[in-house]
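Beneath this line is the structure, given in structure tokens, with notes to follow.
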Amino acid sequence: MSNLTLTANSSITSLPAVPEWRRIMNRFLGHRGLMIGSVILAVIILAALFAPWLAPHDPYVQNVSQRMIPPIWHDKGTWNHILGTDKLGRDYLSRLLYGARISLTIGISAAVISGLIGTTLGVLAGYFGGRVDAVISYIITTRLALPVVLVALAMASLVGGSLQTVIVLLGLLLWDRFAVVARSTTQQLRDAEFIASAKVLGASTPYILIRELLPNILSALIVVMTLEMAHAILLEAALSFLGIGVQPPSPSWGLMVAEGKSYMFFQPWVIAIPGVALMVLVLAINLVGDGLRDMNAPEGRS
Amino acid sequence: MLVFVTRRLLVALSVALTVSIVSFLLLHFSGDLATSIAGPDATAEQVEKIRVEFGLDQPIVEQYFHWLVSAVQLNFGRSYYFQDSVMSLISERLPITLTLGGLALGLAILVAIPLGVIAAIKQNTWIDRLALSFAVVGQAMPSFWFGLTLIIVFAVNLHWLPAGGNSSWQHFVLPAICLGYYAMPAMMRLTRTGMLEVLNSDYIRTARSKGLNESTVVLKHALRNAVIPVVALAAVELGFMLGGSVIVESVFSLRGLGQLAWDSISRNDYPVVQAVVLIIAVFYIALTFFADVLNALLDPRLRVR
């Protein structure tokens, strides 16, 4: 239906295309959570991209004479180190900015890997049904029964923690929700008319799956993508906090909390700053995900 | 019903078997166990000696079957680090993790269901928004960081509760809050959407038009139906919490199963790691099985599939 109106509109003039775009834009602006989430997320992404220009200091340079300077809102804070310095005298704000790169890189890469695995499995199960579905559903059930945190910890410690290890591990572990959602949305569309007509036209199965089916389940998958990004960022932080994720001297936020742990009773800001940063990032991603889900679901458009 | 239960039971058993194979293979292919156990300074001869001593020179299939046959009899072999049997280590730690999981789940339910019901009744008011914000924050908070914050506030500054250990019930309060807040949001949201759905249904309109007072309608008629999926979710959440308790246990130095697993991972004590992974997976499988059966008992439509 909506496909039909779209093509009809665009073939006449370019004018009717504006209201369609406007409608989406208005809905976007009207959804408070989505607005707040996207603005925060955009700020964090920009901060991560421009970290080399924004950071006042080198995040790795140690300075023994400048250790544990408190942030600016404390009496002893200085403008030279707005968020203070850590136990090795490294500038906290600079480390925080570079840390955003690690969290975002891991969140996006892990979600892309797990998205590819989960979507492939889910689409195949949903489209073919029968025995294929039975086997893939069984694989999903087995994966759900594996305790993710424990398996990730055990494997990271055996393989050796690093940015790449964490990305691959989380990518291989977090695909379950993609598979579940791709499977059920594909099942709903399997018998739709546009799929049937593509079959009649003699389209090959890969063509139908990739060009016809996938674009129609993409919006549901993007919502899962945001959830899994948030999930991966939190798990990376936990792994790094326990010492087998991203390794020092990388400024991973989880690692910053771990390094500040022994100082937290007298200088709580050393763990408060990276912790709040993590929370704000994950919160923003979740708000965007919830907002996108509301925009997709017709009943949520109130 | 009997057919349904038997079929589900068979699936559960075979999933447990598959999980045991997968976890066994994952650990054995992630690296050379003998080298890890021997440590970085070991000579090639020492590594070989360890390989033979722990049976790691046998073909992998043989190692697996040997392990599986003993595991079914609840014998998980000996720990590499302690000279104890793995089973005695686990039976010592399991009650602590189960207590923590049970308390956290109880706490999460006690907060999630009333909050979800109130949010649904007062939909789109500030109460609803506050409840949702509380849930959103819970989902975004890293549990290790929340745990440390609880320690700073309630143990160090206010001296209300101990910071770590497991010698009394007070030691379980902060960890249970930490783990429970992590499980609460999903249940609260499910209660809220379930209640919204039910409150708009025909039979609630009938109940209201009969002149029943609002609290009877909400508590007796609506909640009873809205809570069914929440019970199922609670079982699954408990399974997740047992697996995720490793982080909370390490923050609060709670000597439970998670901490045992984490210590064993750092000590390359693989028989223990393998046993803990399997036991937690079996708990999860059992809990989802009970959730399925419970759902089917309460909702006969589910039995068809």
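Each chain gets a letter, A, B and so on, in the order the sequences are listed, and its residues count up from 1.
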Do you know the tightest heavy-atom contact between [X] and [Y]?
X	Y	value
B/Met141	A/Leu234	C-CD2, 4.4 Å
B/Gln139	A/Asn286	CB-ND2, 4.0 Å
B/Ile152	A/Pro268	CD1-CB, 4.3 Å
A/Thr142	B/Val15	CA-CG1, 4.0 Å
A/Asp290	B/Arg189	OD2-NH2, 2.9 Å
A/Ala145	B/Val19	CB-CG2, 3.8 Å

Fill in: Which atoms of A/Ala238 approach chain B - backbone, side chain, both or neither, heavy atom under 4.5 Å
both
Fill in: Part of A/Val276 lying under 4.5 Å from any heavy atom of chain B
both
Under 4.5 Å from any heavy atom of chain A, what part of [X] do you find: side chain, backbone, both or neither?
X	value
B/Val156	side chain
B/Val22	side chain
B/Val273	side chain
B/Phe146	neither
B/Ile151	side chain
B/Ser266	neither
B/Val251	side chain

Please indicate whether [X] has more than 12 foreign heavy atoms, meaning atoms of other residues, nucleotides or ligands, lying under 6.0 Å from its [atom1].
X	atom1	result
B/Arg255	CZ	no
B/Phe290	CZ	no
A/Trp73	CH2	yes
B/Arg129	CZ	yes
A/Lys87	NZ	yes
B/Tyr270	OH	yes

With the side chain counted from C-beta on, respond yes when [X] and [Y] share a heavy-atom pair under 4.5 Å apart, and no when they do not.
X	Y	answer
A/Tyr138	B/Ser14	yes
B/Leu148	A/Phe241	yes
A/Leu278	B/Trp145	no
B/Val277	A/Pro147	yes
B/Phe144	A/Ile271	no

Worksheet item: So how far is it from B/Trp262 CH2 to A/Ser157 OG, rounded to the nearest 0.5 Å?
Response: 7.0 Å
Fill in: Spatial distance of atom OG1 (A/Thr141) from atom CD1 (B/Ile285) [nearest 0.5 Å]
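Atom-to-atom, A/Thr141:OG1 and B/Ile285:CD1 are 9.5 Å apart.
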Worksheet item: If you count heavy-atom pairs under 4.5 Å with chain B, which of A/Ala284, A/Gly243, A/Ala272 comes out on top?
Response: A/Ala272
Worksheet item: What residue, out of A/Val148, A/Leu242, A/Leu287, A/Leu235, has the most heavy-atom pairs lying under 4.5 Å from chain B?
Response: A/Leu242
Worksheet item: When you look at B/Tyr284 and A/Leu146, which way does the side-chain contact (heavy atoms from CB on, under 4.5 Å) test go after all the steps?
Response: CA-CA 8 Å; B/Tyr284 177 86; A/Leu146 278 179; over 6 Å; no
